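Okay, structure first, notes after.
We use all heavy atoms of the structure for the numbers below, so side chains are in, but hydrogens, waters and symmetry mates are not. Quick caveat: nothing in here was measured; it's all calculated off a predicted structure.
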Amino acid sequence: MVPTRKDDLRRMVTQTTIETYEELTPQLIQLIEKTKRDDGLTEAQKQDEISLHMLGYVKSCTNEIIVEVLAEILGLDD
């Protein structure tokens with residue numbers, strides 16, 4: 001679908017955002033749980049690692065959203 005109005009584009013981006021975050025959330029949860037169980041890290045180090053996981057998650061989601069929306073607009077295949 002090629003949006004013809006900002007509202008159409010906004011809906012497309014919103015839907016893609018929801019799908020992307022839902023798709024990538026299980027991976028984030030696994031990383032956080034693994035970090036919490038790492039006895040080789042102090043609590044402060046665990047929090048730092050979790051913060052890095054969260055930043056990486058948001059970056060990955062943002063990149064995927066941009067790629068998916070542009071691919072749909074431009075009619076690109078995988």
Side-chain angles (χ1 to χ4, degrees):
M1 170 195 152
V2 176
T4 56
R5 298 183 346 221
K6 272 186 163 179
D7 278 348
D8 296 335
L9 178 60
R10 190 171 287 113
R11 275 191 291 281
M12 179 187 286
V13 170
T14 299
Q15 184 60 38
T16 304
T17 300
I18 292 167
E19 291 168 4
T20 301
Y21 273 79
E22 287 176 352
E23 181 181 318
L24 296 178
T25 297
Q27 295 169 0
L28 173 63
I29 292 170
Q30 286 178 332
L31 286 171
I32 290 172
E33 290 303 318
K34 182 179 176 186
T35 301
K36 285 181 179 180
R37 291 189 305 269
D38 189 342
D39 294 332
L41 299 174
T42 65
E43 286 302 314
Q45 289 171 324
K46 289 178 184 180
Q47 289 304 312
D48 288 346
E49 286 293 314
I50 290 170
S51 293
L52 288 174
H53 296 323
M54 296 291 292
L55 287 171
Y57 170 74
V58 171
K59 180 185 175 295
S60 294
C61 288
T62 302
N63 288 348
E64 189 63 23
I65 292 161
I66 292 168
V67 168
E68 288 298 319
V69 169
L70 285 174
E72 187 168 339
I73 290 170
L74 298 173
L76 304 175
D77 294 325
D78 286 330

Derivation and outcome, side chain to side chain contact (heavy atoms under 4.5 Å, CB included), residues Met1 and Asp8 = CA-CA 9 Å; Met1 170 195 152; Asp8 296 335; 3.8 Å; yes
State the [atom1]-[atom2] distance between [X] and [Y], to the nearest 0.5 angstrom.
X: His53; Y: Lys34; atom1: NE2; atom2: NZ; result: 8.0 Å
X: Ile50; Y: Glu33; atom1: CD1; atom2: CD; result: 8.5 Å
X: Lys59; Y: Thr62; atom1: NZ; atom2: OG1; result: 9.0 Å
X: Leu76; Y: Leu70; atom1: CG; atom2: CG; result: 8.5 Å
X: Leu52; Y: Leu31; atom1: CG; atom2: CG; result: 11.0 Å
X: Ile65; Y: Ser60; atom1: CD1; atom2: OG; result: 10.5 Å

Apply the side chain to side chain contact (heavy atoms under 4.5 Å, CB included) test between Glu64 and each candidate in Val69, Thr17, Thr20; give the one that qualifies.
->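 Exactly one candidate clears the test, Thr20.
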Could you go through the side chain to side chain contact (heavy atoms under 4.5 Å, CB included) check for Thr42 and Gln45 one step at a time?
-> CA-CA 5 Å; Thr42 65; Gln45 289 171 324; 3.2 Å; yes
If Ile, Leu, Val, Met, Phe, Trp and Tyr residues are connected whenever their side-chain heavy atoms lie under 4.5 Å apart, and connections chain through other members, are Leu24 and Ile18 in the same group?
->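 Looking at the clustering, Ile18 is in a separate group from Leu24.
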Evaluation steps, side chain to side chain contact (heavy atoms under 4.5 Å, CB included), between Met54 and Ile32 = CA-CA 9 Å; Met54 296 291 292; Ile32 290 172; 4.1 Å; yes
Side chains of Arg5 and Arg11 in contact at under 4.5 Å (non-hydrogen atoms) |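 Yes, their side chains come closer than 4.5 Å.
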Lys46/Glu49 salt bridge by N-O under 4.0 Å criterion =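 Salt bridge: no.
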How far apart are the C-alpha atoms of Glu72 and Val2, what are their side-chain angles, what is the distance that settles it, and do they pass the side chain to side chain contact (heavy atoms under 4.5 Å, CB included) test?
-> CA-CA 7 Å; Glu72 187 168 339; Val2 176; over 6 Å; no
Do the side chain of Tyr57 and the main chain of Tyr21 share a donor and acceptor less than 3.5 angstrom apart?
->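 Indeed, once roles are kept as given, a pair shorter than 3.5 Å links the two residues.
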